[in-house]
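These notes are about the structure you will find just below.
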Amino acid sequence: MKTRYFILTFLLLVFVVLSARQYRLLQVQQKSETADFIKKEIILCGKDIESSSIDFVEAIKFEFANRELAYFFDPNLQNLNLDVYNRYIIGDIKKIRQFYSRNQILISDITIYNSTVFRTFERNNNNYFKVTLPQKFAHEVKLERRPLFTETNNEYYYIQPITNAKGELIANARFTLNIEEYLSSQFDRFYIGKNSWSWAIHNGQVLLHKYSEPEKKKDFETDALQIFNQKLEENLSASFQHSIRNSSNINVYSVFYPVTILGEKFGIVFSVNTDTLYQQQNDANVNFFIYILVVIISIIFLFTTIISQMRFAQNRLQTTDVILRKANKASEVLLTDPDFDHAMKVFLEITGKVLGYHRAFILKFDKIEKSTFFRISHGWNDSTIVKPAIELMPSLADGLNADPLMDLVKELSRNNILKFNCEEAVAPLKPVIQALNGKAFVGIPIFIEEKMYGIVGFMDCVSTREWRTFEDVLFANLANAVGGAVSRQNKNIELIQAKEEAEKANNSKSEFLSRMSHELRTPMNSILGFSQLLEMGELTQSQRKGVNHILKSGNHLLGLINEILDISRIESGRISLSLEAIQVNNLIAEVVDIVKPIAADYQVNVEFIQKDSLLVNADMQRLKQILINLVNNSIKYNVPDGKVILDVRLIGSDEDSKPMVEISVTDTGIGIKQEDIAKLFSPFERIGAERLAVEGTGLGLTVVKKLIEVMNGKVGVESTFGKGSRFWIKLPAYMAPLNVSGQKDSAKNDTEDTDLQGTILYIEDNSSNITLIEQILSAHRPNVRLVTNIYGSQAVNMAKENNPNLILLDLNLPDMYGEQVLTGLKSDENTKSIPVVIISADAVPQQFHKMIKAGALNYLTKPLDVPKFLEAIDHFLPAMQNLII
């Protein structure tokens, strides 16, 4: 008997010791988890404070940049007309009020001021914004050029410079900050539990402190303030046990974290009362040991039960942890695998196996008229136990009528999970489960944008089941993962379709541009070509005047065609640029020579102020086109005996330190009204066209703006109505030595070179174009023999028979496309060395590059420029003396 009691006592002592040790470990773990929780919360709080501070600074920069504040500081606002007041005063006030309203927790008032006048925005007790009238400072105030955080008499301010569109400092915005209210609102979002404090320090003092429970104002003292201030200076976090005096000494565990608010360092602290934190646990321990003493014998038997339950719980936690990790792995597959069907299959396989099911599938709901159907879109099965669902029920592939199951569908639409064993299933569903060899079934609804897409289904095909509550969360997460994957897949499909449609539209647009280029340029070739021939001949004064009108109108129409094509190419990203270092002075001198005739017609003097030689990084031809456009406009909209002055200077960029070259065109013309300047670069806007007989398309400045932007530059205008305008462009300067373009070409084409002879084969189906070429050669190259043919299929034979020095080839022929003709010529041993020049109305750059790549040596566009055409053929024709034997 004594031995029995001894064993009983020994077992009891062992149990008590082990229990005490286990509770001690639980207590230590609880403290560790509490400490980790507080650290995580304060880090999240600190990051959120700093992030919102950065957002506030960025919002200020955005809100108060490029602001003119016209009339805003005018002390005589009552003298402004209503339109000006509404536009320049009410508009600015409304924007500032909106900004104030969005940041009212942090801001208590806003003062906008320049060096002499200020206006204040305040919120009164009725939560209404009050804006003061302009008031003068007693003394002139120096404006801050950089953002500044400052503290005066325990009040915090943030000052932001206000700049206009030119980047000039025009005013300051001073924000009175509610740091305490701001931090308090942040603390409220990160509640760490009862009997806790959230507090902040700044400049060595406690800025605010907030207790988790409602209380009257109490003193707040701590022995850790000096340590936290030191950590703030070192910008380090800290955590330790100390005391807080708040009507009595309280032991707390605190975590300190430094934060930056508007560039200023603050410290935030989360403290929890350790005297009460574990009190309930300690009380429970005492009661437990008392209970042990009261029921000694029962404890021994209960001990075994408790241990077994703990082991069961531990095993369940371990199992749950494995399930969760594998479920997360399955969800990762949906995010990382680009093959949607494969990812879904792998997902179902992983989740089915880890949850111990033998079948997993996605049932998609479809509405057809008034009936509902569900079909299996993806599935997995344990092939060692069951066959695929489609083999057992082929109707699942095409769609199974779900009307008899509407009660279950309604349950699913309420986001309820269906769980039942086969014998418990409702009558319409039971045959389906049996047909799939199911013993237990669970179905989880899938929602996409609050609309039910279908269900994720699992089946146990071996035995019935008892489901645990914690599994519902897991099931819901799996359904959410599937819903997210399906939603992403749908969006990907939409994006692919949109991309294909955009590419199709872009190809159609390119084809349209190519066709329009050809159709518009073909008749222009005859108009301008024959006009140039007439101009080169002997004409009476009246005839020459008429020919000049034809050329002028034809060139005007050609310019309109080119500008429309330029805009279309730029907008579609198909424009081709060759950026290089360009000598600006030489290029401008060339432009001045080009525009002198039109300047003489308008009695305008064009001057160029020669300065230091500068280089810009740009496309030479496009830059010349831009400058000619700007100078021509300044000439046309000038006055008799007026001036146009071109100037070049090196400046700094507004955004960074990279130098820019500014080219300006200043005139003494009629000027532009301020309200019209904004419309100046819009297509087909011709400011003043209703008052002046000035020809133009209204597209030139639109092309200028788009070309400048493509070349990484800027364009702008300053104008005074009635006095003149100044147009400027800014382009990146090139500071390194390069092969410099922009030199004047001293070579001059001799359009009357009759010393050349040879044979030219011209493949063209348009009789007017053939006649034009015949007359050009007859007038300027009389010793050149021209052979023509309208069919591309006969080009090779014609070349063999006539052995031409040059072949001129049109692209749009009646029997085949010009590219095929070119390929045939280059494939034949007898004709492949004959030079081929394309003459086409298709002026799209892609066509040019395509033909050159295919073997053409040059590409001339219709309408032909006669001198350039003669220059091109002269390159391939031999001189007569070279042919003398």
Side-chain angles (χ1 to χ4, degrees), residues 46-70 72-73 91-123 129 131-132 134-135 137 139-183 185-186 200-203 207 232-233 235 257-268 652-658:
K47 295 295 184 184
D48 194 64
I49 290 171
E50 291 184 335
S51 176
S52 62
S53 171
I54 293 171
D55 291 343
F56 177 73
V57 171
E58 292 301 319
I60 290 175
K61 290 179 181 178
F62 175 80
E63 188 68 34
F64 293 93
N66 298 328
R67 301 291 292 273
E68 300 297 336
L69 296 179
F72 188 78
F73 297 112
D92 284 327
I93 290 176
K94 184 177 180 180
K95 290 179 180 178
I96 297 172
R97 278 179 171 174
Q98 290 173 347
F99 179 80
Y100 192 166
S101 179
R102 292 194 301 268
N103 300 277
Q104 57 184 290
I105 294 178
L106 182 57
I107 302 173
S108 62
D109 64 64
I110 303 176
T111 301
I112 312 295
Y113 62 92
N114 58 21
S115 58
T116 58
V117 179
F118 69 92
R119 300 188 71 177
T120 302
F121 292 73
E122 299 176 337
R123 185 186 293 276
F129 288 103
V131 184
T132 63
Q135 303 176 57
F137 287 114
H139 302 286
E140 185 172 338
V141 175
K142 180 182 178 182
L143 296 180
E144 298 292 340
R145 293 186 172 273
R146 300 179 185 277
L148 176 66
F149 183 98
T150 182
E151 178 184 3
T152 305
N153 297 328
N154 293 327
E155 288 192 351
Y156 299 96
Y157 303 95
Y158 186 77
I159 299 174
Q160 172 66 31
I162 302 176
T163 57
N164 60 18
K166 298 179 181 179
E168 299 169 340
L169 179 66
I170 61 171
N172 278 176
R174 189 186 73 175
F175 306 90
T176 304
L177 304 177
N178 286 328
I179 296 294
E180 293 186 21
E181 185 176 345
Y182 169 70
L183 290 175
S185 67
Q186 293 288 339
I201 64 173
H202 180 247
N203 287 341
L207 181 64
L232 181 59
E233 292 178 1
N235 199 32
Y257 189 78
V259 297
T260 302
I261 304 176
L262 303 179
E264 185 74 4
K265 285 293 183 181
F266 291 80
I268 59 173
S653 173
D654 295 337
E655 289 79 15
D656 49 46
S657 59
K658 294 181 180 178

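The structure presented is a predicted model; accordingly, all values stated were derived computationally and were not measured.
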From [X] [atom1] over to [Y] [atom2], what is the distance, rounded to the nearest 0.5 angstrom?
| X | Y | atom1 | atom2 | answer |
| --- | --- | --- | --- | --- |
| T111 | E122 | OG1 | CD | 7.5 Å |
| N114 | E140 | CG | CD | 9.0 Å |
| I261 | L177 | CD1 | CG | 9.5 Å |
| L69 | I170 | CG | CD1 | 4.5 Å |

Between K142 and S115, is any side-chain donor less than 3.5 angstrom from a side-chain acceptor?
->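 Side chains of K142 and S115: no pair found under 3.5 Å.
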Under 4.5 Å between any side-chain heavy atoms of [X] and [Y], yes or no?
| X | Y | result |
| --- | --- | --- |
| Y113 | L143 | yes |
| I60 | F175 | yes |
| T116 | F73 | no |
| I105 | N178 | no |
| I268 | Q186 | no |
| F72 | I96 | yes |
| I110 | R174 | no |

Salt bridge (charged side-chain N to carboxylate O under 4.0 Å, His left out): pairs with one or both residues in residues 94-115, sequence neighbours excluded = E63-R102
Kindly give the heavy-atom pair with the smallest separation between [X] and [Y], and that separation in Å.
| X | Y | value |
| --- | --- | --- |
| P258 | L232 | CB-CD1, 4.1 Å |
| A200 | L183 | CB-CD1, 3.7 Å |
| E144 | N172 | N-OD1, 2.6 Å |

Between the side chain of [X] and the main-chain N/O of [Y], is any donor-acceptor distance below 3.5 Å?
| X | Y | value |
| --- | --- | --- |
| Q104 | S101 | yes |
| T132 | T120 | yes |
| R67 | I162 | no |
| T163 | A65 | no |

Steps toward side chain to side chain contact (heavy atoms under 4.5 Å, CB included) verdict (I179, E264) = CA-CA 11 Å; I179 296 294; E264 185 74 4; over 6 Å; no
When the aromatic ring centroids of Y182 and F56 are compared, is their separation below 6.0 Å?
-> no
Without placing hydrogens or testing angles, list every side-chain donor-acceptor pair under 3.5 Å for residues 145-159, not counting sequence neighbours.
residue	atom	partner	partner atom	Å
E151	OE1	N203	ND2	2.6
E155	OE1	Y157	OH	2.5
Y156	OH	H202	ND1	2.9

Under 6.0 Å from the CG atom of L169, do we count more than 12 heavy atoms belonging to anything else shown?
-> yes
